[in-house]
Number of protein chains: 2
Amino acid sequence: MVETIPPRSGAGFRLPKGAELTVIDPQGCQVSDLLAFNADDLREVISSGRTLDYASRLYLTTGDPLYSNRSNVMLSILEDTVGRHDFLLTPCSKDTFRIIYGDTDPHRGCFGNLAAALQPYGVEPDMIPTAFNCFMNVPIDGATGTFTVEPPLSKAGDFIRFRAEMDLVIGLTACSALQSNGGSFKPIQYRIDAGPAA
Amino acid sequence: MVETIPPRSGAGFRLPKGAELTVIDPQGCQVSDLLAFNADDLREVISSGRTLDYASRLYLTTGDPLYSNRSNVMLSILEDTVGRHDFLLTPCSKDTFRIIYGDTDPHRGCFGNLAAALQPYGVEPDMIPTAFNCFMNVPIDGATGTFTVEPPLSKAGDFIRFRAEMDLVIGLTACSALQSNGGSFKPIQYRIDAGPAA
């Protein structure tokens with residue numbers, strides 16, 4: 001069954017080991033921040049720094065594992081119809097909108113949405129690390145190290161599919177930042193499949 | 001007074017608000033992983049994702065602030081004689097040496113050294129995020145997103161100087177990974193100065 005995350009909101013759910021999570025961009029050009037915690041010990045959490053270090057590559061796609069802070073594989077990317085995602089930047093937050101956009105009454109952003117969606121699972125805001133930002137397009141100038149946030153390359157119906165490599169608590173958003181999604185707020189969809197019997 | 005961190009080891013210490021920390025590469029071509037925690041609430045910690053997001057740049061230098069996970073400035077870079085540091089990769093660890101180097105009896109690395117040095121301050125290993133890696137040289141191919149770890153550009157006596165913008169607990173290493181420091185293990189030095197009177 002396909003679930004829909006409304007624009008500028010988030011969802012939290014359990015994803016058992018072996019299950020597959022498909023994150024779908026139903027209208028195209030939208031970003032979804034993904035967090036993963038070990039369901040049995042929330043102190044183990046998805047780690048951008050570990051994952052990038054082992055991949056020696058900023059842009060991850062089919063076949064790449066996403067590691068935890070304890071260097072265990074949490075998720076594997078099984079299929080990816082886009083091929084461009086971000087794993088550098090933290091979820092947009094009240095502070096993002098204040099500092100980058102100059103908003104005086106800032107939205108709580110993906111950070112606030114993730115914090116709210118994960119609170120029932122025992123995740124506190126300070127435990128939220130850099131997310132794996134599905135479909136987020138952050139090209140980098142290798143010479144200077146400067147980067148920009150550009151509209152996603154995803155088209156309507158594009159998706160990325162993961163397999164859980166341990167029992168997980170997942171946080172997932174339909175991104176709240178105009179810069180990330182080409183200037184309009186759109187929903188995100190996801191589907192959980194049991195995966196092949198072991 | 002200049003303190004010396006022996007090769008492949010680490011140090012932990014308090015750095016009060018307003019004080020200045022100078023990290024020195026005494027022999028050249030060595031890396032030092034730097035961590036910062038809010039001394040009054042260790043859940044507030046240096047954040048690569050927040051800092052890079054606000055800087056829109058991977059390579060930080062003089063004038064750049066280092067943000068916490070709560071989007072507060074923890075440290076400001078006051079002076080930098082090298083201009084190339086890394087803020088992408090986690091401290092090298094037992095797992096780094098196992099996964100990247102294939103070591104069968106791996107060293108505990110900067111991660112283990114930081115965990116040991118920070119344990120007296122109440123920092124647990126799972127609380128260690130991506131460090132600011134002084135002098136670490138990670139050039140990136142913007143087209144593919146691939147990167148390599150190259151010898152540091154620092155020469156003997158080069159340094160980077162920070163100001164604490166809040167009361168901090170600092171972790172600092174002389175890096176343990178051959179790849180990071182051009183193939184030999186060397187010490188790191190540091191100095192704490194009171195900073196100008198407020």
Side-chain angles (χ1 to χ4, degrees), chain A residues 38 41-45 47-61 65 67-73 83-96 98-100 111 124-131 133 138-149 177 179, chain B residues 38 41-45 47-61 65 67-73 83-96 98-100 111 124-131 133 138-149 177 179:
Chain A
N38 178 343
D41 185 346
L42 297 172
R43 294 172 301 180
E44 182 166 16
V45 58
S47 170
S48 163
R50 288 271 163 237
T51 303
L52 299 180
D53 204 354
Y54 300 146
S56 295
R57 193 163 12 89
L58 293 179
Y59 302 127
L60 305 178
T61 187
Y67 285 88
S68 74
N69 55 336
R70 295 182 190 166
S71 293
N72 297 311
V73 179
R84 174 57 67 98
H85 315 279
D86 170 72
F87 207 4
L88 289 178
L89 305 180
T90 36
C92 60
S93 69
K94 260 183 153 21
D95 297 298
T96 313
R98 177 177 56 79
I99 294 173
I100 296 184
F111 186 88
E124 292 172 24
D126 284 326
M127 296 161 64
I128 294 179
T130 298
N133 303 305
V138 183
I140 289 158
D141 179 325
T144 64
T146 56
F147 56 79
T148 52
V149 178
Q179 215 179 57
Chain B
N38 177 343
D41 185 347
L42 296 173
R43 293 172 302 181
E44 182 166 17
V45 57
S47 169
S48 163
R50 289 270 164 238
T51 302
L52 298 181
D53 205 353
Y54 301 146
S56 294
R57 193 163 13 89
L58 294 179
Y59 303 127
L60 305 179
T61 187
Y67 285 89
S68 75
N69 56 336
R70 296 182 189 166
S71 293
N72 297 312
V73 179
R84 175 57 66 97
H85 315 280
D86 170 71
F87 208 3
L88 290 178
L89 305 180
T90 37
C92 62
S93 69
K94 259 182 148 34
D95 298 298
T96 313
R98 178 177 54 81
I99 294 173
I100 297 184
F111 186 88
E124 292 172 23
D126 284 327
M127 297 162 65
I128 294 179
T130 298
N133 303 305
V138 184
I140 289 159
D141 179 324
T144 63
T146 55
F147 55 80
T148 51
V149 178
Q179 216 178 57

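Throughout, a chain's letter reflects where its sequence line sits, starting with A, and its residues are numbered from 1.
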Which of the residues L58(A), V138(A), T146(A), V149(A) is involved in the greatest number of heavy-atom pairs with chain B at under 4.5 angstrom?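 If we count pairs closer than 4.5 Å to chain B, L58(A) comes out on top.
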
Need one label for [X]: side chain, backbone, both or neither, based on atoms under 4.5 Å from any heavy atom in chain A.
X: T130(B); result: side chain
X: L89(B); result: both
X: F87(B); result: neither

So how far is it from [X] [atom1] to [Y] [atom2], rounded to the nearest 0.5 Å?
X: L88(B); Y: D53(A); atom1: CG; atom2: CG; result: 9.5 Å
X: C92(A); Y: F111(A); atom1: SG; atom2: CZ; result: 10.5 Å
X: N38(A); Y: N72(A); atom1: CG; atom2: CG; result: 8.0 Å
X: I99(B); Y: Y67(A); atom1: CD1; atom2: OH; result: 4.5 Å
X: T96(A); Y: Q179(A); atom1: OG1; atom2: CD; result: 10.0 Å

Between [options], who has the most heavy-atom pairs with chain A when the cutoff is under 4.5 Å?
options: T51(B), I128(B), N69(B); result: N69(B)
options: P125(B), A143(B), G142(B); result: G142(B)
options: L60(B), D141(B), L52(B); result: L52(B)
options: R50(B), E124(B), M127(B); result: R50(B)
options: T148(B), D126(B), T144(B); result: D126(B)

Just so I know, are the side chains of Y59(A) and R84(A) near enough to count as touching, which here means a heavy-atom distance under 4.5 Å? yes

Using heavy-atom distances under 4.5 Å, tell me whether I100(A) contacts chain B through its side chain, its backbone, both, or neither.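 The answer is the side chain of I100(A).
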
Do we see a donor-acceptor contact under 3.5 Å between the side chains of S71(B) and Y54(B)?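 Looking only at side-chain atoms, Y54(B) and S71(B) do form a donor-acceptor pair, the distance falling under 3.5 Å.
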
